[in-house]
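Every chain is numbered from 1 and lettered A, B, ... according to where its sequence line falls, protein lines coming before strand lines.
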2 protein chains.
Amino acid sequence: MHDCRRPLRLVEPEWMSACDTCIVRNRAICAGLEHPEITALSAMGRRRSVSAGEPLIWEDDDSLLVANVIEGVLKLTTSTADGREQIVGVAYPSDFIGRPFGQTSAASVVALTDARVCVFARNDFDRFAREHPELEHKLLERTLAELDRTRAWMMLLGRKSAPEKIATFLLDMSERLADNGCMAHTGPARQFTLPFSRQQVADLLGLTIETVSRQFTRLKADGVVALPGRRDVEILDRAALQALAG
Amino acid sequence: MHDCRRPLRLVEPEWMSACDTCIVRNRAICAGLEHPEITALSAMGRRRSVSAGEPLIWEDDDSLLVANVIEGVLKLTTSTADGREQIVGVAYPSDFIGRPFGQTSAASVVALTDARVCVFARNDFDRFAREHPELEHKLLERTLAELDRTRAWMMLLGRKSAPEKIATFLLDMSERLADNGCMAHTGPARQFTLPFSRQQVADLLGLTIETVSRQFTRLKADGVVALPGRRDVEILDRAALQALAG
DNA sequence: CGCGATCCTTGACCGAGATCAAACTGGAAT
DNA sequence: ATTCCAGTTTGATCTCGGTCAAGGATCGCG
């Protein structure tokens with residue numbers, strides 16, 4: 001789907017921007033931009049590291065920045081006044097985060113793992129996007145896909161039981177965490193490391209940490225999964241998971 | 001926010017398209033398109049009536065059409081194999097429905113009230129949109145706003161109690177159903193008629209019909225709302241509702 | 001006006017998942 | 001090693017909302 005054979009350079013000539021060696025260059029919304037444009041965009045943005053647990057955007061803040069995820073995983077959350085939290089989205093490398101063309105951000109963004117992002121001032125980005133329809137089109141496709149995923153998750157939150165939620169979650173992770181690199185599509189991962197704590201899984205599924213823990217324990221007891229480490233999952237019986245997912 | 005003083009004509013000269021008299025012309029994504037474009041778009045689309053309960057798009061169907069809502073209210077739903085349903089979106093006049101730039105639709109669309117829509121073949125629309133950045137920009141803004149709304153709803157589905165869900169729902173309806181016309185912004189409606197049956201409210205909130213009914217009864221008993229008809233709501237104590245909504 | 005169908009409400013009961021509390025685990029720091 | 005501590009698991013109990021089962025209201029229609 002994307003060309004991954006872009007030449008790797010160890011030294012950057014003067015005319016090259018940081019984008020030329022960016023590992024998500026072919027997958028992020030920047031893909032397809034040619035040289036004058038990529039240079040202009042590169043001049044507006046700057047790279048930033050965010051360590052695990054560190055916030056990047058606050059809910060209800062003025063929407064001041066947008067970003068591309070280069071590396072790592074981040075969560076988008078909304079919270080109630082009394083501290084309940086719901087994870088409303090998860091951003092992986094090449095994903096776009098933030099709220100362009102709007103005054104405020106509806107969700108907080110916090111890094112789940114150490115992460116690197118490429119941030120832009122929102123109004124700079126907005127202006128640039130409006131002048132580059134190809135970029136806006138990429139952003140539109142991404143936003144439509146994210147809306148589809150979000151709606152599927154609403155079904156999970158509103159109508160699925162705890163066992164169904166957990167099974168659906170594990171299958172989803174198995175696909176999302178499969179091929180983050182740029183190799184040929186390898187299919188869903190049999191084993192993987194979750195970027196979430198138990199509490200975060202609970203916040204994603206609309207459950208409590210205790211229920212999540214009990215469901216994991218049960219799947220392990222039934223031989224459906226193995227749990228070699230706190231965050232490690234190995235799927236032993238995918239068919240059983242699919243049956244449970246409903 | 002939009003200009004509502006577009007002249008009304010009772011007869012249409014030859015060169016006018018149906019769009020020129022369209023009541024959502026100034027609010028839908030078509031707003032801002034000028035004459036050669038609006039004529040081309042008009043030629044591609046056709047108007048269609050959908051009666052209450054009638055489907056317009058089937059979940060998992062090939063995404064063959066997209067549409068603008070002219071009049072009426074429609075629901076977007078996803079269902080599980082065993083028949084559980086979740087309403088994942090509601091479309092009002094001037095809203096855009098369907099999945100452009102994608103092979104399949106993730107949700108079914110069914111009319112809640114008698115409705116009129118302006119439908120386009122998806123591939124015609126896709127091609128036209130790619131050639132008209134201004135249209136794509138409007139669609140992007142709309143999709144981003146819808147994503148924000150959907151994420152706020154995820155919080156409701158995952159973390160709110162039944163009383164909180166009902167209160168949030170009523171306040172949301174009070175705003176959405178306020179000024180569907182094009183008059184000056186009137187603020188939230190004090191009384192309104194729901195476009196939903198009790199079962200549909202349940203499908204929207206991730207509850208059962210019995211729970212919805214009990215919560216309505218309780219709000220009535222507490223003098224927070226009056227319920228003059230099956231679908232009629234009058235808000236007597238908005239502050240109480242806001243407190244309940246959390 | 002009365003009939004029937006559909007939608008809605010109410011009641012009794014149940015159970016999945018929340019809550020409260022305590023014990024366990026595994027990695028980091030001393 | 002030992003201690004410490006956050007994160008996790010497990011157990012006991014409770015409660016909110018679901019389920020099952022009747023009734024009641026409302027509306028379209030003859």
Steps toward side chain to side chain donor-acceptor pair (under 3.5 Å) verdict (A:R238, A:S174):
CA-CA 10 Å; A:R238 180 172 298 269; A:S174 148; 3.1 Å; yes
Run B:S51 and B:E54 through side chain to side chain donor-acceptor pair (under 3.5 Å) and show every step you take.
CA-CA 6 Å; B:S51 25; B:E54 194 184 340; 2.9 Å; yes
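The pair B:R151-A:E146 meets the salt-bridge criterion, with a side-chain N (NZ, NE, NH1 or NH2) lying under 4.0 Å from an Asp/Glu carboxylate O. Using a 4.0 Å cut-off between charged side-chain N and carboxylate O, B:R190 and B:E234 make a salt bridge. Contact check on B:E85 versus B:K75 returns a salt bridge, with a Lys/Arg side-chain nitrogen under 4.0 Å from an Asp/Glu carboxylate oxygen.
Atom CG in B:D232 sits about 15 Å away from atom C1' in D:dA25, given to the nearest Å. To the nearest angstrom, C1' of C:dC7 lies 14 Å from CG of B:D203.
Stacking of A:R176 on the aromatic ring of A:Y92 is not recorded, the 6.0 Å distance cut-off and the 45° axial limit not both being met.
Fit an axis to the five pairs at each end of the helix from C:dC1-D:dG30 to C:dT30-D:dA1 and the two axes sit 40° apart, to the nearest 10 degrees.
Summarising the local packing, CZ of B:R149 is surrounded by more than 12 heavy atoms from other residues, nucleotides or ligands at distances under 6.0 Å.
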With the sugar-phosphate defined as primed atoms, P, OP1 and OP2, and the base as all remaining atoms, what B/S/- string results for nucleotides 3-18 of chain D, 5' to 3', for protein heavy atoms under 4.0 Å?
----BSBBBB----SS
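Every residue meeting the salt bridge (charged side-chain N to carboxylate O under 4.0 Å, His left out) condition with B:R122, not counting sequence neighbours, appears here in chain and number order: B:D126.
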